[in-house]
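A quick write-up on the structure given underneath.
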Amino acid sequence: MAVRDTDLIQAWINVLKLSKLAKGDAVTVLTSDHTHPQTLRCAITAATMLGAVVSRLDLPPVNAEKSLSRDPLAYLGTTPLTGNRPAIAALKASDLVLDLMTLLFSPEQHEILQGGGKILLAVEPPEVLLRMVPTQEDHVRTQAAAALLKQARQMRVTSAAGTDLRCPLGQYPCVSEYGFVDEPGRWDHWPSGFTFTWPNEGETQGTIVLSKGDILLPMKSYVGETITLTVKNGFVTDISGGVEAQMLSEYIESFDDPEAYAISHIGWGLQKRAYWSTLGLYDREATIGMDARAVSGNFLFSLGPNNEAGGSRTTACHIDVPMRRCDVYLDDLQVVADGKVVESTLLQSEAVS
């Protein structure tokens, strides 16, 4: 159901206050052809009401001849900012960038953040934004999970379906997404609510078994049959199964890039207001599937780039796979049991933090 402007404006005000927006701050709203008009007007209204100096930067889309779909995450790296020095300068001069376009996995984003600017991505439909307005509780919850992840030297993931994956840790930073940007140089995504890292380069080993009901993104489809991925030395070396396995293989092959098979970020969802079933309620072009990425207790692994973490892989192919009913261990500490967050472990971490 559609939401009222007044409700979405108030949601934006809440998020901007959590992001420590001050009167007189320069806010640039980054948009493109697919930006949701209600999200745009409510964001501008809220920022203006809080006394910000607001500008809009609208850029033409790119990669149409390369991407296999209209999903903004279906082809990464080259963005409307690539080579656009005036636009980059405007964003670097901003205290806060509201990204309603999707600027991800790009050197331009890194450049803006390294200068101390903040970027908040918000591209899900207005009703999804409203349902998952970030809170301080989200911050506490994800930071407690991150504290556990930072101490771990290995993540092990198992499932009754046959998954048994071992991911040595420590080479890359841990990241929490809680939905607002409260520190200089911070990027975040509204809505979100999960914690993740990248495994040590070339060290992940094991088997991933996708079973019925798991989700493939950016395909935005529920898995209907078993797909088995063999992982050796940090790369998927075999994808076996039926027709769906063949389609997944074809998609990755279309990028003609060996780095597309690399294990990228790994982590688990912590957002109690996200739902596994939501993806089935939307047309594929209406959402990027943040419910699936953030839903509490999922195990999420991805394939593709790691330049967001300081690595060297910049492949344009990025696949996120949220999985249900997994067991996730950090060393010997279980943080997810059969697809449910071990709340007692998380509470203990919160208490220590």
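From a predicted model like this one, the values you see are computed outputs, not experimental measurements. Throughout, numbering of the chain's residues begins at 1 and tracks the sequence.
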Q) Does some side-chain heavy atom of Thr287 sit less than 4.5 Å from a side-chain heavy atom of Val128? A) no
**Q.** Considering all heavy atoms, the nearest Gly269-Phe194 contact
**A.** CA-CB, 3.8 Å
Q) Counting only N and O atoms by type, is there a donor-acceptor contact under 3.5 Å from the side chain of Ser264 to the main-chain atoms of Pro305? A) yes
Q: For atom CZ of Arg4, decide whether the heavy atoms of other residues, nucleotides or ligands shown that lie under 6.0 angstrom number more than 12.
A: no
**Q.** Pair Arg153 + Glu203, salt bridge at N-O below 4.0 Å
**A.** no
(Q) With rounding to the nearest 0.5 angstrom, report the CG to CE distance, Leu248 to Met219. (A) 5.0 Å
Q: Find the distance between CG (Asn14) and CZ (Phe180) and round it off to the nearest 0.5 Å.
A: 11.0 Å
Q.
With side-chain contact (heavy atoms from CB on, under 4.5 Å) as the test, pick out the partner of Val328 among Val336, Val342, Leu165.
A. Val336
Q: For the pair Ser192 and Arg293, evaluate side-chain contact (heavy atoms from CB on, under 4.5 Å) and give the outcome as yes or no after the intermediate values.
A: CA-CA 8 Å; Ser192 55; Arg293 290 181 173 92; over 6 Å; no
Q) Where do Ile13 and Lys17 land on the side-chain contact (heavy atoms from CB on, under 4.5 Å) test, with the steps shown first? A) CA-CA 6 Å; Ile13 288 174; Lys17 286 183 176 179; 3.8 Å; yes
Q | hydrophobic_cluster_shared for Leu217 and Val157, side chain cutoff 4.5 Å | A | no
Q. Is the shortest side-chain N to carboxylate O distance from Arg156 to Asp164 below 4.0 Å?
A. yes
Q.
I need the Phe196 CZ to Glu177 CD distance, nearest 0.5 Å.
A. 4.5 Å
Q) Side chain of Trp276, backbone of Gly213: donor and acceptor closer than 3.5 Å? A) yes
Q. Do Asp327 side-chain atoms and Ser159 backbone N/O form a donor-acceptor pair below 3.5 Å?
A. no
(Q) For a 4.5 angstrom cut-off between non-hydrogen side-chain atoms, does Trp12 reach Thr39? (A) yes
Q. Shortest non-hydrogen contact from Ile263 to Pro199?
A. CG2-CG, 3.8 Å
Q: Could you check if a side-chain atom of Val223 sits within less than 4.5 angstrom of a side-chain atom of Leu216, using non-hydrogen atoms only?
A: yes
Q: Establish, for the pair Arg324 and Tyr222, whether the NZ or CZ atom is under 6.0 angstrom from the six-membered ring centre and no further than 45 degrees off its axis.
A: no
**Q.** Contact check, side chains of Ile266 and Thr204, non-hydrogen atoms, under 4.5 Å
**A.** no
Q: May I ask you to test the Leu98-Leu16 pair for a side-chain heavy-atom distance under 4.5 Å?
A: yes
Q. Side-chain heavy atoms under 4.5 angstrom apart, residues restricted to Ile, Leu, Val, Met, Phe, Trp, Tyr: same cluster for Leu100 and Leu59?
A. no
**Q.** Between Ser176 and Thr195, a side-chain donor and acceptor under 3.5 Å
**A.** yes
Q: Please lay out, stage by stage, how Glu244 and Leu210 fare under the test side-chain contact (heavy atoms from CB on, under 4.5 Å).
A: CA-CA 11 Å; Glu244 292 183 9; Leu210 307 183; over 6 Å; no
(Q) Restricting to non-hydrogen atoms, name the atom on Leu303 and the atom on Ala260 that form the minimum distance, rounded to 0.1 Å. (A) CB-O, 3.5 Å
Q. Does one side chain, of Tyr172 or Glu201, offer a donor that lies under 3.5 Å from an acceptor on the other?
A. yes
Q.
Check this for me: Glu137, atom CD, are more than 12 non-hydrogen atoms of other residues, nucleotides or ligands nearer than 6.0 Å?
A. no
Q. Honestly curious: do Trp187 and Met290 fall in one hydrophobic cluster under the side-chain, below-4.5 Å linking rule?
A. yes
(Q) Given 3.5 Å as the limit, does a donor-acceptor pair link the side chain of Lys220 with the main chain of Arg284, or not? (A) yes
Q.
Run the side-chain contact (heavy atoms from CB on, under 4.5 Å) test on Tyr261 and Thr237 for me, step by step, so that the C-alpha distance in whole Å, both residues' side-chain angles and the decisive distance to 0.1 Å come before the verdict.
A. CA-CA 8 Å; Tyr261 295 90; Thr237 58; over 6 Å; no
Q. With a 4.0 Å cut-off, would you call Asp257 and Arg313 a salt bridge?
A. no
Q | Main-chain N/O of Asn233 paired with Gln205 side-chain donor or acceptor, under 3.5 Å | A | yes
Q.
Less than 4.5 Å apart, side chain to side chain, heavy atoms only: is that true for Thr163 and Thr158?
A. no
Q | Check: Pro61 and Met101 side chains under 4.5 Å, non-hydrogen atoms | A | no
Q.
Using side-chain heavy atoms (C-beta onward) and a distance below 4.5 Å, is Lys272 in contact with Arg141?
A. yes
Q: List the atom of Asp291, the atom of Arg273, and the distance in Å for their closest heavy-atom pair.
A: OD1-O, 4.2 Å
Q) In Å, rounded to the nearest 0.5 Å, how long is the span from OG of Ser19 to CG of Asp95? A) 12.0 Å
Q) Are the side chain of Asp283 and the backbone N or O of Glu285 linked by a donor-acceptor pair below 3.5 Å? A) no
(Q) Please check this pair: side chain of Asp188 against backbone of Gly179, looking for a donor-acceptor N/O pair closer than 3.5 Å. (A) yes
Q: Report yes or no: do Met323 and Leu229 belong to one cluster of Ile/Leu/Val/Met/Phe/Trp/Tyr joined by side chain heavy-atom distances under 4.5 Å?
A: yes
Q: Report the distance from atom CG of Leu169 to atom CG of Asn200, rounding to the nearest 0.5 Å.
A: 6.5 Å
Q | Rounded distance [0.5 Å steps], OG1 in Thr35 versus CG in Leu30 | A | 7.5 Å
Q) Is the CD atom of Glu225 crowded by more than 12 outside heavy atoms at less than 6.0 Å? A) yes
(Q) On a heavy-atom basis, which atom in Phe299 and which in Gly267 lie closest, and how many Å separate them? (A) CD1-O, 3.3 Å
Q. Met155, Leu270: one ILVMFWY side-chain cluster at the under-4.5 Å cut-off?
A. yes
Q. Which heavy atom of Thr345 sits nearest a heavy atom of Gln334, and at what distance?
A. OG1-O, 3.5 Å
